[in-house]
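Per chain, numbering begins at 1; letters A, B, ... match sequence-line order.
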Amino acid sequence: MIELTLPDGSVREVAPGSTPLDVAAQIGPRLAKAAVGAELDGAPVDLRHPLDRSGAFRLFTDRDSEAGDFIRHSAEHVLADAVKRLWPEVEIDAGRQDHSEKYQYDFRFPRAFTAEDLERIEAKMREILKEDSVFERVEISRQEAAELFASMGENLKVERLEDIPEGEAITLYKHGDFVDLCRGPHAQRASQVGAVKLLEASGVYWKGDESNEMLQRIYGTAFGSQKEMDEYVERVEQANARDHRRLGPELDLFSFDDTAPANPFFHPKGAVIYNELVDFVREVQVADGFDEVITPQILDVDLWHTSGHYDNYRENMFFTAADERQFAVKPMNCPTHCLIYSTGLRSYRDLPIRYADFGRLHRYERSGVTSGLTRVRTFCQDDAHVFCTPEQVESEVLMMVSMIRGIYDTFGFEGTLIELSTRPEKRIGADELWDEAEAALAAALDTAEIEYELNAGDGAFYGPKIDFQIEDAIGRSWQLGTVQLDYFLPERFGLAYVGDDGEEHQPVMIHRAMLGSIERFMGILIEHTAGAFPIWLAPVQAVVIPVSEKNLDYARKVHDEIAATGARVKVDLRNEKLGYKIRDAQLQKVPYMLVVGAREEESGQVALRLRNGEDLGATPVADVARRIAERIAERSLEL
RNA sequence: GCCCACGUGGCUCAGGGGUAGAGCACUUCCUUGGUAAGGAAGGGGUCACCGGUUCAAAUCCGGUCGUGGGCUCCA
């Protein structure tokens, strides 16, 4: 017998080979009917998958959000079924759902799917759901599967089958007449897919390889109920309302022009934020012993041969020529920092040397991949390179990790995920060096008792790295900072220091970025805050709003008093009513609104209204000035 | 770069072979108003660009550029 521990702690014994559906039926017929899926020790299990071991067991019904993955996986098959019914000659490739409330399915189809096609397919899917077929699980031999799909003319499936490692069980899932090669898990019945919606279609490369033929992919989403679908639509709309590409121009932060694709123009207000971010990073890293350097933009191509960028990164670089010399616009700062390092004889006593650089970088990005501020062709990294001895790596890394976490805290990002990426297959350098480097990074994290996930094989070709991911206000994660060990560039540039033994040694280089790029970070921050920046970043921190023209002089006086603290304050002198100006300030997300009318003028006060709608009433001007100055100085998230 | 869609005044968008429309924004005037849009008048667009079809193109066709959603890649 195998023992299943249910969520309430009770243990249920069942015969090996029983399915979750059997277990549900044992508990009760209603549960058996409502069950959508199950999990064993946290791993999803199909209701019709025979159980072969004991463990923590849980059944999901349509009330559990975990049922969504089962439902979407089944919707994916229904999508493929619908397409096959409409176009029997189409070949199906495979579907996938990525736990993001979306699923997809790829087809070998002679043309692109149109919006009308999607409507037809969606309607057909609804018909299929009404048939309420069960999702049947069938184990089959590799040979039988190959023959089956070959006989059906599903050539892509036959190829997919060949990719499944020997020894792995081959399973099919059937509903009605539709059969697919699939490892599951699925919902119990079609009717459990309560709501489906197709989102978009696009061409994709077969198996993701650009040299392969292009297939047609359809994306959709599905939920157990229409209510969940409505909530999903609502969530998408809210996310769109935060889109920095919409908010940026609305708040007059930045724009783009066709003459410089993917190169942002920062308007005065955007430049304020940009510079505040740079100043913040500068302040933090100066305190930790980083020295800022300023290095050239355009350097001889020879340099990029030395660094290896010409061979490994040329596709992403801009080139130019002058005086019959070939130059490249820098895509990274590291080579210039190596050049500065090599201008003098370094002693172990000089190390670590920490160069920080806010230099402008240019990278050629293929036209289809750029996007708003998050993927641009010119940007500024909050970049730094540390040159140190191997013994110093751990403490340097530790310091960087702590700096980076402190910085994210300031913005109120929660759920920072740290990943340690280790040696990739394609790499340079001796394995002993990798052992040492990976151990140093892991040791640093362990010493500080920092939790991290291991991302084996995902390191840079020159060294392992620690990546930082944050989660924004609506749950999306973004990769920001990175700490990378590099034994490669020091060698290429012949960098050395004189050790205490009088011999020359090679320093280790550590690449570091905290915000990542200022541009991308600003984009993320706009979406995280929906444009309502913390006061220290707000382009206009306070606006003085006179009730009528009679109060203009007093408004100017208030302005001057607040401005004397260094705060960015404006007066709204326009010939409009109070409500109009309040609304305008709200839409511009100005943190503080200082309303001045006859009453305030008499008492030397302002009526203080906050961006969050809070009305703090009449307050002495000096108090307001002090409050604003304090919040700014603290980089407070509070208004 | 590849697949698809889109590109009309500063913004959001309507229109669609016969000589450009709305709302918001902007300007001026009236109004001096107490916490999310007071009123009136006015200015503003060679409909992304280039070429083709046509008596006639913003509208149809082709190309280019740009943007968006995917693929691939990535800070």
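- Both distances falling under 3.5 Å, in either a Watson-Crick or a G-U wobble arrangement, place A22(B) opposite U12(B).
- The S202(A) side chain lies nearest to G69(B) when the options are G1(B), G69(B), G33(B).
- Going from atom CD of Q605(A) over to atom C1' of G34(B) covers 15 Å, rounded to whole Å.
- Proximity of a side-chain donor or acceptor of R568(A) to a complementary backbone N or O of P539(A) within less than 3.5 Å is detected.
- Rounded to a whole Å, the OH atom of Y219(A) is 15 Å from the C1' atom of A5(B).
- Nearest to the side-chain atoms of S517(A) among the listed nucleotides A36(B), A75(B), C71(B) stands A75(B).
- Within 4.0 Å (heavy atoms only), A598(A) reaches at least one base atom of the nucleic acid.
- Between the side chain of Q586(A) and the base of A37(B) there is no donor-acceptor pair of N/O atoms closer than 3.5 Å.
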Tell me, with the steps shown, if E292(A) and R282(A) meet salt bridge (Lys or Arg N to Asp or Glu O under 4.0 Å).
-> CA-CA 8 Å; E292(A) 196 167 326; R282(A) 188 174 274 143; 2.7 Å; yes
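- Applying the Watson-Crick and G-U wobble criteria (two distances, each under 3.5 Å), G1(B) pairs with C71(B).
- Annotation: A25(B) and C60(B) have their P atoms spaced 33 Å apart (nearest Å).
- Remark: the E600(A) side chain and the G34(B) base include a donor-acceptor N/O pair separated by less than 3.5 Å.
- Using Watson-Crick or G-U wobble geometry with both donor-acceptor distances under 3.5 Å, A40(B) finds its partner in U28(B).
- The main-chain N or O of G457(A) is found under 3.5 Å from a side-chain atom of T422(A) such that the two form a donor-acceptor pair.
- Residue side chain R583(A) does not reach the base of U35(B) through any donor-acceptor N/O pair under 3.5 Å, judged by distance alone.
- Rounded to a whole angstrom, the distance from the C1' atom of U35(B) to that of G70(B) is 46 Å.
- U46(B) and C50(B) have their C1' atoms separated by 14 Å, with the value rounded to a whole Å.
- Atom name P, nucleotides A5(B) and G9(B): the rounded distance is 22 Å, in whole Å.
- Residue R217(A) is in sugar-phosphate contact alone, with no base atom involved, counting any heavy-atom pair closer than 4.0 Å across all strands shown.
- For F379(A) and A75(B), the ring-to-base geometry satisfies the stacking test (centroid distance below 5.5 Å, interplanar angle below 30°).
- A 3.5 Å limit on both hydrogen-bonding distances identifies G52(B) as the Watson-Crick or G-U partner of C60(B).
- In this structure, K581(A) contributes its side chain and R574(A) its backbone to a donor-acceptor pair below 3.5 Å.
- Side-chain contact, H385(A) with N333(A): no donor N or O sits under 3.5 Å from an acceptor N or O.
- As judged by a 4.0 angstrom heavy-atom cut-off over every strand, G579(A) is placed among residues touching the sugar-phosphate backbone only.
- Closest to the side chain of E549(A), out of U35(B), U32(B), U72(B), is U32(B).
- Looking at heavy-atom distances under 4.0 Å, A262(A) makes contact with sugar-phosphate atoms alone, never a base.
- Here the P atom of nucleotide A5(B) and the CG atom of L199(A) are 18 Å apart, to the nearest Å.
- Nucleotides C13(B) and U19(B) place their C1' atoms 23 Å apart, quoted to the nearest Å.
- Across G1(B), C30(B), A75(B), the shortest atom-to-atom separation from the side chain of S367(A) is found for G1(B).
- Rounded to whole Å, the separation between the C1' atoms of A14(B) and A20(B) comes to 12 Å.
- The phosphate of G33(B) has neither OP1 nor OP2 within less than 4.0 Å of any side-chain N or O from S548(A).
- The closest side-chain donor-acceptor pair between W206(A) and D93(A), if any, does not fall under 3.5 angstrom.
- One atom, CG of L361(A), and another, C1' of A75(B), lie 9 Å apart when rounded to the nearest Å.
- N155(A) and E91(A) are linked by a side-chain donor-acceptor pair at a separation below 3.5 angstrom, with hydrogens and angles left out of the test.
- Across all strands, T482(A) comes closer than 4.0 Å to no nucleic acid atom at all (heavy-atom distances).
- Base-pair partner of U35(B): not found among the strands shown (Watson-Crick or G-U wobble, both distances under 3.5 Å).
- Inspection of the T378(A) and N263(A) side chains reveals no N or O donor paired with an N or O acceptor under 3.5 Å.
- Using a 4.0 Å heavy-atom cutoff across all strands shown, G617(A) reaches no nucleic acid atom at all.
- Counting only distance, with no hydrogens or angles, the side chain of Q605(A) and the backbone of V621(A) share no donor-acceptor pair below 3.5 Å.
- Base-pair partner of C65(B): G7(B) (Watson-Crick or G-U wobble, both distances under 3.5 Å).
- The distance between atom NZ of K102(A) and atom P of C71(B), rounded to the nearest whole Å, is 9 Å.
- Place T370(A) and D209(A) on RNA chain B by their nearest nucleotides, and T370(A) ends up nearer the 5' end.
- Close placement of the Y232(A) and F223(A) rings is indicated, their centers lying within 6.0 Å of each other.
- Using a 4.0 Å cut-off, some side-chain N or O of R245(A) falls inside it from OP1 or OP2 of G68(B).
- G18(B) and G51(B) are spaced 22 Å apart, taking the C1' atom of each and rounding to whole Å.
- Side-chain proximity of S371(A) to the nucleotides G69(B), A36(B), U32(B) is greatest for G69(B).
- If you check every strand for non-hydrogen atoms under 4.0 Å, A607(A) touches a base.
- Backbone-only contact: A112(A) has heavy atoms under 4.0 Å from sugar-phosphate atoms and none from a base.
- At the phosphate of C74(B), neither OP1 nor OP2 sits under 4.0 Å from any side-chain N or O atom of R377(A).
- When heavy atoms are screened at a 4.0 angstrom cut-off, Y364(A) is found touching the sugar-phosphate backbone but no base atom.
- Using a 4.0 Å cut-off, no side-chain N or O of Y580(A) falls inside it from OP1 or OP2 of U32(B).
- Donor-acceptor pairing under 3.5 Å, judged by distance alone, is present between the side chain of R375(A) and the base of C73(B).
- Taking only distance into account, the side chain of Y205(A) meets the base of G1(B) through a donor-acceptor pair shorter than 3.5 Å.
- One atom, CZ of R574(A), and another, C1' of C24(B), lie 13 Å apart when rounded to the nearest Å.
- Residue G597(A) is classed as a base contact, given a heavy-atom separation below 4.0 Å to a base.
- Rounding to whole angstrom units, CD of residue E315(A) and P of U72(B) are separated by 18 Å.
- With U72(B), A75(B), G70(B) as the candidates, the nucleotide lying closest to the side chain of V376(A) is A75(B).
- Contact annotation for E519(A): no contact, since no heavy-atom pair falls under 4.0 Å across all strands.
- Across every strand in view, U46(B) sits unpaired, with no contact that passes the Watson-Crick or G-U test at under 3.5 angstrom.
- The distance from atom CZ of R363(A) to atom C1' of C73(B) is 12 Å, rounded to the nearest whole Å.
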